[in-house]
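To start, the structure under review is shown below, and the notes come after it.
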Amino acid sequence: MSDYSSLANRVKEEVEKQYPNALQIKLLDHSSEGCGAKFELIVVSSTFEGMPLLKRHREIQNNLKSKGLFEEIHALQIKAWTGEQWEKKKGSV
């Protein structure tokens, strides 16, 4: 069995390299015994301004694939928001 916390750290490091000026990058580990690595990734970046949501997700996924990390993940929930979207989300929680 893979070490999920180590994988989570590597995923977060790669996303931090991909978006060095991100306002926030947060990775939550929802992995459990026997089910594989399950992560929730939140990336808040001005890079996403004017970019469709699907393109944001693909950009992140393709980067993780190129680093050989995506294949190790069983489930990845991505929340890729602009700063304005993040502020609205925080206000509604």
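The structure displayed is predicted, hence computed values, not measured ones.
- There is a path of hydrophobic side-chain contacts, each under 4.5 Å, that joins Ile78 to Met51.
- Looking only at side-chain heavy atoms (C-beta outward), Leu53 and Arg56 come within less than 4.5 Å of each other.
- Distance alone, capped at 3.5 Å, places no donor-acceptor pair between the Ser45 side chain and the Phe48 backbone.
- At a threshold of 4.0 Å, the pair Glu59-Lys55 does not count as salt-bridged, since none of the basic side-chain nitrogens sits closer than that to a carboxylate oxygen.
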Please evaluate residues Arg10 and Glu14 with respect to the criterion salt bridge (charged side-chain N to carboxylate O under 4.0 Å, His left out), reporting the C-alpha separation (whole Å), side-chain torsions for both, the decisive distance (0.1 Å), and the verdict. CA-CA 6 Å; Arg10 290 184 300 159; Glu14 286 304 325; over 6 Å; no
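- Tested against His30, the residues Lys38, Glu40, Gln77, His74 include a single side-chain hydrogen bond (donor to acceptor under 3.5 Å, both in side chains) partner, Glu40.
- Heavy atoms of other residues, nucleotides or ligands lying less than 6.0 angstrom from CD of Gln61 number more than 12.
- A salt bridge links Glu16 with Lys12: at least one charged nitrogen is closer than 4.0 Å to a carboxylate oxygen.
- Note on Leu23 and Ile42: same hydrophobic cluster, where clusters join Ile, Leu, Val, Met, Phe, Trp and Tyr whose side-chain heavy atoms are under 4.5 Å apart, directly or indirectly.
- Between Gln18 and the options Asn63, Thr47, Asn62, a side-chain hydrogen bond (donor to acceptor under 3.5 Å, both in side chains) holds for only Asn63.
- Using a 4.5 Å heavy-atom threshold, the side chains of Leu27 and Val15 count as separate.
- In this structure a side-chain-to-backbone donor-acceptor pair under 3.5 Å is present from Gln85 to Thr82.
- Atoms NZ and CZ, on Lys65 and Arg58 in that order, are 9.0 Å from each other to the nearest 0.5 Å.
- In plain terms, the two heavy atoms of Ala80 and Ile60 that are nearest each other are CB-CD1, 4.1 Å.
- Linking Ile, Leu, Val, Met, Phe, Trp and Tyr residues whenever their side-chain heavy atoms come within less than 4.5 Å leaves Leu28 and Leu64 in two separate clusters.
- Considering all non-hydrogen atoms of both residues, Ser31 and Ala37 come closest at OG-CA, 3.3 Å.
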